[in-house]
There are 2 protein chains.
Amino acid sequence: MTDQLSEVPDEGVTRRAARSQEDILEVATAEFAANGYAGARVDEIAARTRTTKRMIYYYFGSKEALYLTVLERVYAQIRRVERGIQIDELSPTEALRKLAEATYDHHTTHEMFIQLVSIENIHRAEHLQQSETILRENATAITLLEQVIERGVREGIFRDDVDALDVHMMISAYACFHVANRHTFAAIFKRDMLDPALQPSHRRLIGDMIVATMADRRNRRTVP
Amino acid sequence: MTDQLSEVPDEGVTRRAARSQEDILEVATAEFAANGYAGARVDEIAARTRTTKRMIYYYFGSKEALYLTVLERVYAQIRRVERGIQIDELSPTEALRKLAEATYDHHTTHEMFIQLVSIENIHRAEHLQQSETILRENATAITLLEQVIERGVREGIFRDDVDALDVHMMISAYACFHVANRHTFAAIFKRDMLDPALQPSHRRLIGDMIVATMADRRNRRTVP
DNA sequence: GTCTATACCCGGATAGAC
DNA sequence: GTCTATCCGGGTATAGAC
């Protein structure tokens, strides 16, 4: 979580203060992700920062507001990744595989994001619903997927009874599960889903899965 | 979570006491699932039971021990479902679909189980690892899947580079996601994944997905 | 086994000086 | 903006009568 999460500092705030807020957010992200909302300790965040607890309340107002800022920061991060995906030159099949792999790559390298999403779901997305930014911006992720699927259906190579949200659901489910359920899975089955040795095959499998499902001839509208 | 979760009461405990402990566990399951481990309140559990807070500590010793009992109870429940699945008469393809649908059915009707698994993952499965029962018994879920896949590979209709744990992972990922990420998904994309109107198609989709992936001819060892 | 009352501590939030 | 010190609610856990 060190990559490009910085926000533009407010005008009236000194460079040092902005830096300090960044530090707090960095540490808070780790603390919330590791312990959940109620389990996270503001004391602990302060202890791991160069600032004090008093300053955290000065900057962010409350534990909940701090958590919300953390949430918006990690959602902004995945938005940037999504916007960077280029699929112009690819066939619908290749594009689908690339989108699936990009999601797999993001989630497997951003464990804290997945943990925060899990935590947010435990709390019925009550905080997320307070953030107009996330709700407005992050839904756009599927427009790319919509275009790819529409093209594939038009070309007669994709089934037409599964929409973009369904595909997004399948991709996210697979990619999330590797990270979100890593520990219970490893405890019961003795296999670490994030073992680097397994990642290439898991990365291929998500592409296979999505492509095979969408191209399944038994469900295709137009049989060639 | 009203179905058959009862444990056999200890010998020295009266019928009334056993019933009281069942009540506590029922309510505790809901409380932990809804608020996470740290967010759950023993006061609240006591308030929603006919017993008192003092009795909860008398019966279970600590909040953590209570949570562990809750966890073992829901894992015992899914074990019973898994053991009840019959696939003797089915082809490998049909068996795979049936197993996928059974998992989908269980998870979508046991929201609290999925929430508790999420919570447990937030805490790096530290509690789950203390339960020899869960670790010993729940790994057996894949033996059925192993047999089906071995048969399918032998008959040349399944690819042979995806093992039973991988398939279990795909099935669980899909089924878990519907429940675990329901709220963030609904908030962002305005679609409730557990909407009863969508369930038949989602139920078909998980079967299609698993069957298509395993039968994908481009990855099959023996091309017919 | 079941109750009431309470000890004790921890954590979020704030006061107020500089 | 930054610090130290502190309040105070509430949460886990227990004492002790019946």
Side-chain angles (χ1 to χ4, degrees), chain A residues 7 9-71 119 122-123 126-127 130, chain B residues 7 9-71 119 122-123 126-127 130:
Chain A
E7 298 286 328
D10 296 352
E11 297 306 321
V13 180
T14 71
R15 189 172 205 80
R16 190 181 173 81
R19 173 75 194 152
S20 184
Q21 291 178 35
E22 267 310 305
D23 282 353
I24 292 167
L25 286 172
E26 195 82 21
V27 173
T29 302
E31 174 73 9
F32 282 118
N35 302 306
Y37 177 73
R41 298 288 167 250
V42 179
D43 272 320
E44 187 62 25
I45 297 168
R48 296 191 187 174
T49 328
R50 273 183 218 86
T51 54
T52 62
K53 188 162 67 160
R54 183 68 189 85
M55 286 314 297
I56 295 176
Y57 280 92
Y58 178 78
Y59 286 137
F60 298 97
S62 70
K63 182 184 184 179
E64 191 178 1
L66 172 63
Y67 172 76
L68 195 57
T69 310
V70 163
L71 210 57
I119 290 162
I122 293 295
H123 298 99
E126 280 159 12
H127 307 97
Q130 295 171 33
Chain B
E7 298 286 327
D10 296 351
E11 296 306 321
V13 181
T14 70
R15 188 172 205 79
R16 189 182 173 80
R19 173 75 195 153
S20 185
Q21 290 178 35
E22 268 309 306
D23 281 353
I24 292 168
L25 286 172
E26 194 84 19
V27 173
T29 303
E31 174 73 9
F32 282 118
N35 303 306
Y37 178 74
R41 297 287 167 250
V42 179
D43 272 320
E44 188 62 25
I45 296 169
R48 295 191 186 174
T49 328
R50 271 182 220 86
T51 53
T52 62
K53 189 163 61 162
R54 183 66 189 89
M55 286 314 295
I56 294 176
Y57 281 93
Y58 176 78
Y59 286 137
F60 298 97
S62 69
K63 182 184 183 180
E64 192 177 0
L66 173 62
Y67 172 77
L68 195 58
T69 310
V70 163
L71 211 57
I119 290 163
I122 293 294
H123 298 99
E126 280 158 13
H127 307 96
Q130 295 172 32

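Here is the naming used below: chain letters follow the sequence lines, and residue numbers restart at 1 for every chain. Every heavy atom of this structure was used, including side-chain atoms; hydrogens, water molecules and symmetry mates were not.
Between A:Ile45 atom CD1 and C:dA13 atom C1' the separation is 14 Å, expressed in whole Å. Summarising the geometry, the separation between CZ on B:Arg50 and P on C:dT2 is reported as 13 Å, rounded to the nearest angstrom. If you measure from atom CE of B:Met55 to atom P of C:dT4, you get 13 Å, rounded to the nearest angstrom. In this structure, CD1 of A:Ile56 is placed 15 Å from P of D:dG1, rounded to the nearest angstrom.
With hydrogens and angles disregarded, a donor-acceptor distance shorter than 3.5 Å links the side chain of B:Thr29 to the backbone of B:Leu25. No donor-acceptor pair under 3.5 Å is formed between the side chain of A:Glu31 and the backbone N or O of A:Val42.
Inter-residue side-chain proximity for A:Phe32 and A:Leu66 is flagged as met; some heavy-atom pair is nearer than 4.5 Å. Residues B:Glu26 and B:Asp23 fail the side-chain proximity criterion, which asks for heavy atoms closer than 4.5 Å.
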(request) Do nucleotides 4-15 of chain D as a string where each nucleotide becomes B, S or -: B if the base has a protein heavy atom under 4.0 Å, S if just the sugar-phosphate does, - if no protein is that close. (result) B------SBBBB

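Atom CD1 of B:Ile119 sits about 10.5 Å away from atom CD1 of A:Ile119, to the nearest 0.5 Å.
In this structure, B:Tyr58 does not reach the C:dC3 phosphate: none of its side-chain N or O atoms is under 4.0 Å from OP1 or OP2.
By the 6.0 Å and 45° rule, A:Lys63 stacks over the aromatic ring of A:Tyr37.
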